[in-house]
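Everything below concerns the one structure shown next.
Only a predicted model underlies this, so the values are computations on that prediction, with no experimental measurement involved. Numbered from 1 within each chain, the chains take letters A, B, ... in sequence-line order.
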Amino acid sequence: MNYWLMKSEPNEFSIDDLIKQPAQTEHWDGVRNYQARNMMRDEMKIGDRVFFYHSNCDVPGIVGIMEVVKEGYPDFTAFDPDDKHFDPKSDPKQPRWMMVDVKFIKKLSRTISLKELKQQPELTELSLVRRGNRLSIMPVTKQQWDFILSLE
DNA sequence: GCCAACGTTGGC
DNA sequence: GCCAACGTTGGC
């Protein structure tokens, strides 16, 4: 099993929004970055665990856990001219963007803030805390995963 | 293939 | 709202 972290702006889609979805499952659409796309297309597998991270908000940080329940498939929002994430260059016959489905597992008892994560010597290799890293999806090692959960 | 211009991300 | 960092685009 692999571990991941995925960012979302809570005023766009928060962990509480995920909880409200049917089967507490939602497709993770709108990723328009090739590196992140490749991870969803090639590496994320059913059963993988994912931290839900709230970005661009009062207290950026990890707020919960979800799991991958459907592996990479075309992000259909790219085909919809009315969608915010419409990309005219993504051809349905040869989709440019991919997504996975994720299912809610749990909320953490508290937000583990970015500030706190940055203070941990154990996490200096975590992409999230590295300067200038803006990837919205990133891998987390098992060691990092377990350590982060030990902070809760 | 280089690189300047531009757009986006996201912390602060 | 600012702006640093980074990715993408497109002219050449």
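Atom P of nucleotide dG7(B) and atom CG of Asn33(A) are separated by 18 Å, given to the nearest angstrom. In this structure, Leu128(A) places its CG atom 8 Å from P of dG11(B), rounding to the nearest Å. Summarising the geometry, the separation between NZ on Lys115(A) and C1' on dC12(B) is reported as 12 Å, rounded to the nearest angstrom. Whole-Å rounding puts the Asn133(A) CG to dG10(B) C1' distance at 11 Å. Protein atom CG of Asn38(A) is 14 Å distant from nucleotide atom C1' of dG7(C), rounded to whole Å. The distance from atom NE2 of His54(A) to atom P of dG11(B) is 12 Å, rounded to the nearest whole Å. What separates CD of Gln35(A) from P of dC6(C) is a distance of 12 Å, to the nearest Å. Summarising the geometry, the separation between CD on Glu12(A) and C1' on dT8(B) is reported as 13 Å, rounded to the nearest angstrom.
A donor-acceptor contact shorter than 3.5 Å links the side chain of Gln120(A) to the backbone of Glu116(A).
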Check: So Ile112(A) and Val63(A), side-chain contact (heavy atoms from CB on, under 4.5 Å) or not? Walk me through it.
Finding: CA-CA 7 Å; Ile112(A) 301 176; Val63(A) 294; over 6 Å; no
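A side-chain donor from one of Glu152(A) and Ser109(A) sits under 3.5 Å from a side-chain acceptor of the other. Between Trp28(A) and Asp101(A), the side chains place no donor N or O within less than 3.5 Å of an acceptor N or O (distance only, hydrogens not considered). Side chain to side chain, Arg41(A) and Tyr73(A) fail the donor-acceptor criterion of an N or O pair below 3.5 Å. For the residue pair Ser136(A) and Arg32(A), no side-chain donor N or O sits within less than 3.5 Å of a side-chain acceptor on the partner. Side-chain contact annotation: Ser14(A) with Asp16(A), donor-acceptor N/O pair under 3.5 Å absent.
A pairwise comparison of heavy atoms in His54(A) and Ile15(A) identifies NE2-N, 3.1 Å as the closest pair.
Between Trp4(A) and Phe52(A), the distance from one ring center to the other does not fall under 6.0 angstrom.
For DNA chain B, none of the residues of residues 87-102 of chain A falls under the heavy-atom distance limit of 4.0 Å. Of the residues in residues 74-84 of chain A, none lies under 4.0 Å from DNA chain B by heavy-atom distance.
For dG10(B), the OP1/OP2 oxygens have a side-chain nitrogen or oxygen of Lys7(A) closer than 4.0 Å. For the pair Tyr53(A) and dT9(B), the criterion of a side-chain N or O lying under 4.0 Å from OP1 or OP2 is not met.
Side chain Arg134(A) to base dT8(B): a donor-acceptor pair is found below 3.5 Å.
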